[in-house]
There are 6 protein chains.
Amino acid sequence: MKIQVINPNTTASMTQKIGLAAKAVASPDTEIIACNPTMGPVSIEGHYDEALSVVGLLEEIHQGEATGVDGYVIACFGDPGLLAARELARGPVLGIAEAAMHAASFVATGFSIVTTLKRTQVIARQLVENYGMSRFCRNIRAIDLPVLELEIAGSPARKTIIQECKSALAEDDCGAIVLGCGGMADLPAEISDEIGIPVIDGVTAAVKFVEALVSLGLSTSKVGDLAYPIPKPYTGMLAPFAPKK
Amino acid sequence: MKIQVINPNTTASMTQKIGLAAKAVASPDTEIIACNPTMGPVSIEGHYDEALSVVGLLEEIHQGEATGVDGYVIACFGDPGLLAARELARGPVLGIAEAAMHAASFVATGFSIVTTLKRTQVIARQLVENYGMSRFCRNIRAIDLPVLELEIAGSPARKTIIQECKSALAEDDCGAIVLGCGGMADLPAEISDEIGIPVIDGVTAAVKFVEALVSLGLSTSKVGDLAYPIPKPYTGMLAPFAPKK
Amino acid sequence: MKIQVINPNTTASMTQKIGLAAKAVASPDTEIIACNPTMGPVSIEGHYDEALSVVGLLEEIHQGEATGVDGYVIACFGDPGLLAARELARGPVLGIAEAAMHAASFVATGFSIVTTLKRTQVIARQLVENYGMSRFCRNIRAIDLPVLELEIAGSPARKTIIQECKSALAEDDCGAIVLGCGGMADLPAEISDEIGIPVIDGVTAAVKFVEALVSLGLSTSKVGDLAYPIPKPYTGMLAPFAPKK
Amino acid sequence: MKIQVINPNTTASMTQKIGLAAKAVASPDTEIIACNPTMGPVSIEGHYDEALSVVGLLEEIHQGEATGVDGYVIACFGDPGLLAARELARGPVLGIAEAAMHAASFVATGFSIVTTLKRTQVIARQLVENYGMSRFCRNIRAIDLPVLELEIAGSPARKTIIQECKSALAEDDCGAIVLGCGGMADLPAEISDEIGIPVIDGVTAAVKFVEALVSLGLSTSKVGDLAYPIPKPYTGMLAPFAPKK
Amino acid sequence: MKIQVINPNTTASMTQKIGLAAKAVASPDTEIIACNPTMGPVSIEGHYDEALSVVGLLEEIHQGEATGVDGYVIACFGDPGLLAARELARGPVLGIAEAAMHAASFVATGFSIVTTLKRTQVIARQLVENYGMSRFCRNIRAIDLPVLELEIAGSPARKTIIQECKSALAEDDCGAIVLGCGGMADLPAEISDEIGIPVIDGVTAAVKFVEALVSLGLSTSKVGDLAYPIPKPYTGMLAPFAPKK
Amino acid sequence: MKIQVINPNTTASMTQKIGLAAKAVASPDTEIIACNPTMGPVSIEGHYDEALSVVGLLEEIHQGEATGVDGYVIACFGDPGLLAARELARGPVLGIAEAAMHAASFVATGFSIVTTLKRTQVIARQLVENYGMSRFCRNIRAIDLPVLELEIAGSPARKTIIQECKSALAEDDCGAIVLGCGGMADLPAEISDEIGIPVIDGVTAAVKFVEALVSLGLSTSKVGDLAYPIPKPYTGMLAPFAPKK
């Protein structure tokens, strides 16, 4: 089975980290294709970054479809372009926020999210509502450090994240932690050991859930709003994106 | 006051119709700048079209900011890129779905939406929830004709819309109709005359609400998630979109 | 266009302040008629005051209808008698809580309300739910001073309000402030300058939204529950209020 | 124990019917005082009627307090003035819609409401939400006959109600019926016999729940928004309503 | 009228306390049968205890039905087995959490719950949602002492409860307290005297509400999901529980 | 990895069918242990059956824990005893309703449930709410045939189910079907082929999700309400169920 794990930003070091985390949990017969778009923001830290990251993300999905990919993971905690990607893909597509929150609801009756920037808390909040997770989500916390801090060796980010997870455990009445950034994919085991409750990274959760769906023979519904895009012309720079018959 | 009304698809005839509707209701001292992107889908009929329309839409907002625009209207009923546009803009930005639903809630305790394609009903449904309009929205109806049918002289679309509005009035216990497509901006008066309840087009509603906000001195909050995008590099084809300091 | 701005309490100084605020933002061709009932509470600070203020308010609407008023503003943050007033009126009727919250949701993804008495917080809370604003409202704060304090020259109320707005900005993760009392209609510009985010007063917001609706040709739906009251006898002191054919 | 059952409209025949129903279920040591205001609408069929009925209703509560009443029932299905009445009263105050819905949720997992006019369905809908009954209420049905039809001997209203209850049972997946008008207080036993599920009238339910609360020593909370109205002047015709210290 | 008050745990001293509280408020013509199962947990402090308490509880209901009981109270704040019990019973069945929350919503616009263990807060939270009480419930507090502490003479539990109620009053903006354990049935009067707002114990509230329903002739709906269990074999140790025709 | 798939009713033929379905999708290195309790109802068709099925279910979990089981599936669509089972288990526990609904939300924006008896629709409805799936669930349909009909060779049940799925596709605006009974575990492929949208059986979905969670190293949170049951005595027939230290 081929699973394409798309880091929607263009920072290769993050893509590599995400790819390693994905491969570490994938089944032996799963091929993980970790990639990032050739265009777009180097990090996604707001609605604008997110909206523009979707172009490159969809290009990756187009390529994935052309090369027989069986399922996709969108490896940014805002789950950018999730429904657009599902229109394009035959197989299942999961966002890492989606996967992580669902996984958390399977092992605890309440979870807290620990994300990077304060300004992206609103995005997480909307996802919580979109996925019906309001009754499980106890709090959304931010360490208020830029996403790319997580890529810097020796950055205090890791320590700050652990500290915030401890605060969540002490104050939020939560039974699990959801890590709110693709760049935290290397942290769950370490933090879980430290604080003693399940700590969930969406990259790995999404890989396993996509594997599960593909094994079950479940692909994206092609009846209704997730049917393939209606063929039509696109103009200008986006002409290559026009849906074909 | 300069208000830029952006039709996010690239069909000029629809932009013209939308511009006419906007100008017809604008205050004498309001300059309406109707435009559409130079790139992207000729019509927006799903999540994928919508996601890609945002690139061109944001380019228009960039230009608007450079030329002193006071407020913006996003003239597609899916309100594509609304929060991303708000990050970019100093002045207020309204989507036409947003404006129409809010206006409807001011003149009736329940409204029904009449949109084009069945497959976009899900998008409308999500907007209803995002805007907190669930308790006002009685039904979302679709005539199941492509968006560009509304651009064809002699098309039966107009008749079908009126018929659907009549069904809404008869069956949905609604006191107002929200027209669910920017391409219906020329219809509200005619339909309202025919069925006897308020019929609301979002283009005109949004223009007046943006005028109202600008008159009140209200612009988009620049504290929190709608602050200007964080400066950073963008790569590839999207490099020109990189937020500057 | 004639807009009647009704302060539902009987304190003339507050009516005057509200009228000045309304006139300051009204379009040149809008005539603002600021008034208050001839009977009822001098301030509205609870469910009981609110319920009884509605009688005089409806009397004002009756008079407005008799004199060709095009739209109404109910200038008390509890929006007393809103649906009853809509039954009576041909044109649109807006409450100031309603207008302020909707305006806030147009310029920020979250707002906090700063009101006067703690005991009226419950009323604001119910309005938040009635208008579908739960996902936008971050907090409802009270300075716990009587409404009429705002009418006393040299009162510390103004300072306390600004302090509370600063606390909201610091603690509530909000991008805008909604002022929760008609008697604060003179404050938004000053506070906004001080704290740097949009501060919204409902009186001015409602005036502009009513202007917008009237310009759009939208009046209150007369099909369904907002149809004119059914003609019938009223007895006793309220006989003059009986709906006529 | 003295329980005052207030029919908020001024139609004495309905008051009498309501009083009989109340007395039929009251405990031997309960004195039922059935009354109606001396002023206001002869029937309550919309927001406007409802708003104005509250004046007379509150006058009755004032009198009740002066004469040592232990608890109150507001016998109109819109529960007009409920929170205002609670401010005024020491003892508990229940609305009949409130009592009936709560009782229904005790004996079935879903109920349908059968009310009189279509235009009052919106009022019932709002009460369902206010009382948190959305997950129990399956449907709100109207026979679309005026309230006072129920007072006319030989009217077909009774038959129409039974027919509507049968439709509810057949189509709504409900286990109980809530009768949506004080004027139906004489019907529950007859309909229940006919359709075989619990049929609940709010007048009798409210009387028993008020008895229960009084027996438990529970009165209206006087801390917070239901504290006695703040003493202040009222002007004009409403001066007698001014809250005293 | 015979009302069976079932303490679902097997601690006789708690049953006795509950029985005394029930008898103290019951009408003269009500016979209170206080009992507990012959099998199961000595206290209910989690989902597991709760699930297993239901067996003995249902055995008690079987016996109640055989001996002409008119209504039932389930005297544990988790309301274990409520819908199962309703299937089995002809008359009404109320849980004490259900009764207490409904009573609280009749006398205040907001209440806080004070329960025993922190780990059972989740159970209370789910009940709040199941009963539609989210808009009334301000907070769920725990003293974090085991249930059976309440049975120990001289235990500090009572003092801790009062302290927690005071904190609720000071911090939660609540107008009433709901006591969150059957073992607190002897406390409401004392605490209410101390803190000056209604304090509601579910045992006594449920007894009075069951009396009310029985007086109204209302029994559990036998159409739909609360119809008597479908006759079928049960195997093994549970064979005696098999529903008979 | 050892996964125990527990059919909570005592009908061996259904257990066998469920076991076969589970094995058909399990990974090569997963051992499926399909079992059913030694006591309890032969089918689960209501709240009462469900409540009593939990005893035997928990006995199976006790045994699973003693024999090193890594994760559990509760193979009845009511997910009986889910949280109690989670308290008892170290590894993850999933209900089949839970797994199926979550899987459906991954491949479609809306799903309909097709279950057996009308009287169990309420149970499904509550699960939809408990899992936050209200915005995804379009309808809950019942074929109104007993659960054990699915075990009878030549029964028309299979045909009726397919017919109901077709109706769902035609009328419910759904993109996927969730099969609402463990006894339908052999049907999804056949129905999906026939109707052309994803058809999801919870048994297989739950097996794959449990595999996923175990692979991720995620087990049930032992902090908070899902911690192991507090050691205490149980009396009578249930004494063996007492939680040990």
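The sequence lines fix the lettering, A, B, ..., with proteins before strands; numbering per chain opens at 1.
- Nearest heavy atoms, A:Ile197 versus F:Ser221: CG2-OG, 4.1 Å.
- Using cut-offs of 30° and 60° on the angle between ring planes, the pair F:Phe106 and A:His102 is perpendicular.
- What you find for A:Leu226 and F:Val107 is that their closest heavy atoms are CD1-O, 3.8 Å.
- With a 4.5 angstrom heavy-atom cutoff, F:Ser105 touches chain A via backbone and side-chain atoms both.
- Scanning residues 122-131 of chain F against chain A with a 4.5 Å heavy-atom cutoff picks out F:Glu129, F:Asn130, F:Tyr131, ordered by number.
- Annotation: maximal heavy-atom pairing with chain F below 4.5 Å, among A:Met133, A:Lys222, A:Glu211, A:Lys208, occurs at A:Lys208.
- Residue with the most contacts toward chain A among F:Thr109, F:Asp29, F:Leu82: F:Thr109 (heavy-atom pairs, distance under 4.5 Å).
- No part of A:Val210 comes within reach of chain F, as not one of its non-hydrogen atoms sits under 4.5 angstrom from that chain.
- Only the backbone of F:Val199 comes within less than 4.5 Å of a heavy atom of chain A; no side-chain atom from C-beta onward does.
- Below 4.5 Å, heavy atoms of chain F meet heavy atoms from A:Leu169, A:Gly175, all part of residues 164-175 of chain A.
- Residue contact with chain A, scored on non-hydrogen atoms closer than 4.5 Å, is absent for F:Val207.
- When heavy atoms are compared at a cutoff of 4.5 Å, F:Ala24 does not approach chain A at all.
- Around NZ of F:Lys159, the count of heavy atoms belonging to other residues, nucleotides or ligands within 6.0 Å does not exceed 12.
- Shortest non-hydrogen contact noted between F:Leu218 and A:Pro198 is CD2-CB, 4.0 Å.
- Heavy atoms of F:Ser219 lying under 4.5 Å from chain A belong exclusively to its backbone.
- Only the side chain of A:Leu83 has a heavy atom closer than 4.5 Å to any heavy atom of chain F.
- Annotation: maximal heavy-atom pairing with chain A below 4.5 Å, among F:Val25, F:Val93, F:Thr204, F:Asp201, occurs at F:Thr204.
- Around the CD atom of F:Gln16, the shell of radius 6.0 Å holds no more than 12 heavy atoms that belong to other residues, nucleotides or ligands.
- Looking at A:Ser134, neither its backbone nor its side chain comes within 4.5 Å of chain F, counting heavy atoms on both sides.
- For the pair F:Ala205 and A:Leu216, the tightest heavy-atom approach, listed with the atom from each and the gap, is CA-CD1, 3.6 Å.
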